[in-house]
Asker: 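Sharing a structure below in structure tokens format, with a few things to ask.
Below, chains carry the letters A, B, ... as their sequence lines are ordered, and counting in each starts from 1. Bear in mind the structure is a predicted one, so any value in this text is a computation, not a measurement.
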Amino acid sequence: MEIVRHDKGACAVLYITGRLDLAGGTMLKEQVKKLLASNTVSIHLNLNSVDFINSSGLGALVSTMKEIRLARGRLTMSNLASYVQEIFDITQLSHIFEIFKTEEEALSSYRATATV
Amino acid sequence: MANVIERIGELLARLQSPDFYEREEAVKELGTYQEDEAVAGLVIAIEDPDLGIRELAANLLCTMKSGTAAQLLCSFLAHLDISTRNLAAEILVRMGADAVPALTETLKSDDYDVRKFAVDVLGLIRDERAIEPLCQRLWDDNANVVCSAAEALGEIGSPAAVPHLLAVYEKIEDVRMPAIEALGKIGDHAALEHLYRCLGTDDPMILYAVIDAIGQIGNLDSMPYLQKFMNQPELPIAETAMCAAIKISVRNHGRIGCDLPLDRFTDFLFDGVKKGNVEITEFTLSRLSHWYGSHVIENLLTVLDCVDDTKLGKISEALVLVGRSYSELMIEHLLRAGRESKLRLLEVIKHFIDETIARQLLPLANDPEPDVRRQVAYLLGVSGCRDAVPVLRALTKDGTGHVRAAAYAALGWLATDEDLGFIMDGLSDKYGDVREAAAGAMIIVGGPKVVARLTSELYQDDVERQRLAVIALGWIGEREVIEPLLQAVNHQDPGVRKSAITALSKFDSIGSVEPLLVALTDENSGVRKAAVTTLVALKKDAAANDIRFLLSDPDIWVRYHTIMAIAECGNRSAASFLIPLLQDEQDIVKIAAAKALASLGASDALPALSKLSQERNKDVVEAGDMAVTALGGQK
């Protein structure tokens, strides 16, 4: 799995490519840990190029969300393949993750919050 | 022409008829003539004893927009009958710009009541040609006319009237109030210096009007003048100043340019939000990122039910922003709130829930509303609070299915191996969504113990549990599930076999594909199709040889599916397998074969494809044409 980071405003967008499994999940958790350590607490995951996800990957996403919330941050996701959406629905993670159809919609929601 | 005048004369005479229908017909016909005599007849008809005829005449006069009609109607402003006078005024307003010259002339009437009515009508028409004559009426002998003129100038809203209004304000005491109000409505900044001076007045009513006018003009520089009044002990004047500041802020896209003593007005502002005051709501919500404290948060919590979704979004964002600092306040409110407020607040708390907050939420697991219990279950699950596990276990026995589903999902997010027994129970729930949630929880927990449990499920009696177990194993997706899935390919239940084969497609490699090759000959067509898909996913173009025999499968959809799979392989050499399918007994198979051959670039299929042009089904012909074109052949 590969993670590419682009900062857009105060939000760090992580583009994840490949398999989100045990190894990929560990990599994601480490990347998020670094971001939180540098006070970047608004994190968006673009999952467009995730072609595999399993229980370890899901576990990593849940644990990442908890870490970000503890740091008073916000985690959003977008561009879910139907395959990923299906497992989010089965596990009901769709109820607790902030999921947007596109990255732009997610980033707009950060801008809206900033102007409250 | 003579005939027309004669005819109008006859119609005028009919207006006096005792017969309603005769008068009505006469009015209708008069409305078709442009002559002044006809117009005069319609004006006369507005005095008709019947309301229907009066309204008919009025409508016709409005559409004629005649200067003569306006002149005649103006004379009715002196009518002794109030309803006739009001009808004439109403018609003049509806005539609009066409009535302005006649009304302006009427301003010279000796009758001050007529002058006042004309002024009022001009104010309602809002035509700028009336400004100058109305300014002259500011110096009328009659105070009512003067006040009406000031109000009319305010309605027209032209800055040209400002110097006249300022002048009359200084000279005539009676007109001060309407003049100030008019200056506010006009909204011209040139009036501000004068209005600031007026803030020193001893007359409280004038002071209210001046503050309001300053607010309406909407200049940010006025804020310091208003600030002084916001700190005054008299609350009504302070609130008027606050309202003026709000108007200025709204006109300046939420800016206020200085610090305002908002805390003094917390109750006033939120009362405005509750009452649906648009300006106060917009202003109050725009301050939330700069203004919080327990009193503000308390008030915010009370308006959760009073706002639409857009505003709710802003309130939620503000509450999320202060989240943890005021969580106790929120929980306290939550425990005594109504259903909607509870759900909205739980949605807010979701963003900052932690173990401490989760413990405070535990009593809500017994809430009488199932939607609340369900939402609480999700929050407990995401909180990471192990103390919530017994509560979630209890919720898996809830009487409402979707609460049980949420509880199982939440247990999955929180659970350890010791909760597996509880979660497994959910696989036998009477509702499908609960069973699926329990399977989802198993997926999240994952690990060797879950795999072992699910594998053993494959060989229990309950087919539904077997199906869910194989789906869950597929999603767990670790290599240790491959062996149980391969075994499940030989399961007695076709649904389980199919799910197992589909699940195997998610792996890069699974070692031996022998069970899949056997599955290609399965008695169940769904299983055969799944085997085709999985073999292609695992072996890519090398799968074409394995699956080609299914091109003659008795099941049309297996043949169709195999054609598509071979096309997806991209194996050019497999094209020759597809050519005979162009002669298949089923049109849908012919179409699929044509498309597949085109995508594989099989130009050697051109002769066979060309023959499709003789088919009876036009979709087959079209598919053949497109394939021939794509391959560079000639139709």
Asker: Can you tell me which portion of A410(B) sits under 4.5 Å from chain A's heavy atoms? Options are side chain, backbone, both or neither.
Answerer: neither

Asker: Between G446(B) and S55(A), which heavy-atom pair has the shortest distance, and what is it?
Answerer: CA-OG, 3.8 Å

Asker: For A441(B), is it the side chain, the backbone, both or neither that has a heavy atom under 4.5 Å from a heavy atom of chain A?
Answerer: neither

Asker: Examine whether an atom of R374(B) lies under 4.5 Å from a heavy atom of chain A, and if so say whether it belongs to the side chain, the backbone or both; otherwise answer neither.
Answerer: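 Contact with chain A is through the side chain of R374(B) alone.
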
Asker: Assess whether atom CD of E328(B) is packed by more than 12 heavy atoms of other residues, nucleotides or ligands within 6.0 Å.
Answerer: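 Counting neighbours around CD of E328(B), 12 or fewer heavy atoms of other residues, nucleotides or ligands fall under 6.0 Å, so no.
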
Asker: Inspect the surroundings of CD in E568(B) and state if more than 12 heavy atoms from other residues, nucleotides or ligands are less than 6.0 Å away.
Answerer: no

Asker: Closest approach of N54(A) and I476(B), non-hydrogen atoms and distance?
Answerer: CB-O, 2.9 Å

Asker: Please state whether the side chain, the backbone, both or neither of Q375(B) comes within less than 4.5 Å of a heavy atom of chain A.
Answerer: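 Neither the backbone nor the side chain of Q375(B) comes within 4.5 Å of chain A.
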
Asker: Counting heavy-atom pairs closer than 4.5 Å to chain A, which one of G440(B), G474(B), G412(B), A438(B) comes out on top?
Answerer: G440(B)

Asker: Would you say R69(A)'s side chain and V382(B)'s backbone share a donor-acceptor pair under 3.5 angstrom?
Answerer: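 Checking the backbone N and O of V382(B) against the side chain of R69(A), no donor-acceptor pair under 3.5 Å is found.
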
Asker: For Y83(A) and W475(B), work out which heavy atoms get closest and say how close.
Answerer: O-CH2, 3.3 Å

Asker: Are there residues of residues 86-98 of chain A that reach to under 4.5 Å of chain B by heavy atoms, and which ones?
Answerer: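 Expected list: E86(A), I87(A), I90(A), T91(A), Q92(A), L93(A), H95(A), I96(A), E98(A).
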
Asker: Could you walk me through whether K506(B) and F52(A) satisfy the side-chain contact (heavy atoms from CB on, under 4.5 Å) test, starting with their C-alpha distance in whole Å, then the side-chain angles of each, then the deciding distance to 0.1 Å, before giving a yes or no?
Answerer: CA-CA 7 Å; K506(B) 294 169 188 164; F52(A) 176 85; 3.9 Å; yes

Asker: First locate atom OG of S56(A), then atom CD1 of I443(B), and finally report the distance between them rounded to the nearest 0.5 Å.
Answerer: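 The OG atom of S56(A) sits 12.5 Å away from the CD1 atom of I443(B).
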
